[in-house]
Amino acid sequence: MALLPRAPGALGMSRPARPARRAVVPRAYQFDVSVRPYTLRKDDTIKTIAQKRGLTVQQLLAINPDVRPDAVAVGQTILLPAGTLSSRDREIMAGIGPVYRVYPVRKGERYADITGRRSITRPEMERLNPGVNLDKLKEGQLLKLPANKYTVREREMLIGSGILPPEFFAATKNPFVIGIGALMLVCGFVLAWQRFYDEDKAIEEEMREQGL
């Protein structure tokens with residue numbers, strides 16, 4: 001009589017148990033929400049970050065379960081819902097262009113503050129802003145900056161929110177690599193995204209007022 005092959009585990013023989021695989025997906029991603037990174041800067045708190053983006057502290061902590069609100073520090077990275085933008089974020093987004101971008105000077109900002117964090121040279125600024133006294137800037141004054149020069153936080157916001165692809169920053173270093181037309185298309189997408197975002201927020205606000 002032919003002997004049938006024994007299945008693994010027969011007669012007391014068993015395979016060694018596999019070690020449990022450690023989850024590699026952050027807990028925040030288990031929520032039904034798209035997220036993006038945000039690097040804290042001076043004077044940031046969990047409360048101010050949430051308020052500027054129309055969130056509650058509880059909503060922000062829900063996607064950052066390991067963050068202690070009383071123990072955050074400059075340079076620390078947390079997660080934000082991808083679609084939430086502050087008024088400053090919208091200003092940055094509105095200024096994007098294929099050759100240069102328009103930047104509104106913030107209260108108390110000096111020339112060195114703007115250029116140092118973006119690695120912009122004096123000749124670049126003088127070429128884009130002829131006749132402008134760069135050493136005496138005023139709050140709200142509009143400056144032209146090189147199209148590919150952003151701070152770490154600005155890049156995080158633009159890429160993480162799906163507003164600009166990472167390739168945009170490489171392409172703007174040499175517009176002829178993908179063509180001016182392609183960059184113009186990206187800028188058109190940014191404007192369309194901004195209009196959609198504003199309309200969506202207006203609808204949410206109207207529904208909130210109506211108690212829906």
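Since we're looking at a predicted model, the values are computed, not measured. All heavy atoms count here, side chains included; hydrogens, waters and symmetry mates do not.
Between Ser86 and Met157 there is no side-chain heavy-atom pair separated by less than 4.5 Å. The shortest distance between side-chain heavy atoms of Asn133 and Lys136 falls below 4.5 Å. Between Glu91 and Val102 there is no side-chain heavy-atom pair separated by less than 4.5 Å.
Judged as a side-chain contact (heavy atoms from CB on, under 4.5 Å), and not counting sequence neighbours, the contacts of Thr45 are Lys47, Thr48. For Asp44, the side chain to side chain donor-acceptor pair (under 3.5 Å) criterion is met by Tyr38, not counting sequence neighbours. Under the side-chain contact (heavy atoms from CB on, under 4.5 Å) criterion, Arg122 pairs with Tyr111, Glu126, Leu134, Asp135, not counting sequence neighbours.
Using a 4.5 Å cut-off between side-chain heavy atoms of Ile, Leu, Val, Met, Phe, Trp and Tyr, with links allowed through other members, Ile96 and Leu85 fall into the same hydrophobic cluster. The hydrophobic cluster containing Val152 does not contain Ile120, counting ILVMFWY residues as joined when their side-chain heavy atoms lie under 4.5 angstrom apart, directly or transitively. Linking Ile, Leu, Val, Met, Phe, Trp and Tyr whenever their side-chain heavy atoms come within less than 4.5 Å leaves Leu55 and Leu79 in two separate clusters.
Using a distance-only test at 3.5 Å, with no hydrogens or angles considered, a donor-acceptor pair links the side chain of Arg53 to the main chain of Ile49. In this structure a side-chain-to-backbone donor-acceptor pair under 3.5 Å is missing from Asn64 to Leu61. Using a distance-only test at 3.5 Å, with no hydrogens or angles considered, no donor-acceptor pair links the side chain of Asp113 to the main chain of Glu109. Within the 3.5 Å criterion, the main-chain N or O of Val74 finds no donor-acceptor partner in the side chain of Arg41. With hydrogens and angles disregarded, a donor-acceptor distance shorter than 3.5 Å links the side chain of Ser161 to the backbone of Ala82.
Leu128 and Pro146 make their closest contact through CD1-N, 3.5 Å (heavy atoms, listed as atom of the first residue, atom of the second, distance). Heavy atoms only, all atoms of each residue included: Pro69 and Ile46 are closest at CA-CG1, 3.9 Å. The heavy-atom pair separating Val35 from Ile63 by the smallest distance is CG1-CD1, 4.0 Å. When all heavy atoms of Asp89 and Thr84 are compared, the closest pair comes out as OD2-O, 4.5 Å.
Taking CG from Leu142 and CG from Leu137, the interatomic distance works out to 11.5 Å, rounded to the nearest 0.5 Å. One distance of note links CZ of Arg36 with CD1 of Ile78; it measures 9.5 Å at 0.5 Å rounding. Interatomic distance, Arg101 CZ to Ile92 CD1, rounded to the nearest 0.5 Å: 5.0 Å. Considering NZ of Lys144 and CD of Glu124, their distance stands at 14.5 Å, rounded to 0.5 Å. Rounded to the nearest 0.5 angstrom, Leu145 CG and Asn129 CG are separated by 7.5 Å. To the nearest 0.5 Å, atom CD of residue Glu156 and atom OG1 of residue Thr77 are 5.5 Å apart.
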- request: Begin from the C-alpha positions of Val132 and Gln141 and carry the test side-chain contact (heavy atoms from CB on, under 4.5 Å) through to its verdict.
  value: CA-CA 10 Å; Val132 174; Gln141 183 176 351; 3.5 Å; yes
message: Please determine whether side-chain contact (heavy atoms from CB on, under 4.5 Å) holds for the pair Gln76 and Thr39, giving the CA-CA distance in whole Å, both sets of side-chain angles, and the decisive distance to 0.1 Å.
response: CA-CA 6 Å; Gln76 181 178 347; Thr39 301; over 6 Å; no
field: CA sep, side-chain torsions, deciding dist, call: Glu139, Val105, side-chain contact (heavy atoms from CB on, under 4.5 Å)
entry: CA-CA 5 Å; Glu139 180 183 359; Val105 177; 5.7 Å; no
task: Mind running side-chain contact (heavy atoms from CB on, under 4.5 Å) on Glu154 and Arg117 for me, showing each step along the way?
output: CA-CA 11 Å; Glu154 289 169 346; Arg117 290 195 289 263; over 6 Å; no
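Arg118 forms a cation-pi arrangement with Tyr103, by the criterion of a distance under 6.0 Å to the ring centre and an angle within 45° of the ring axis.
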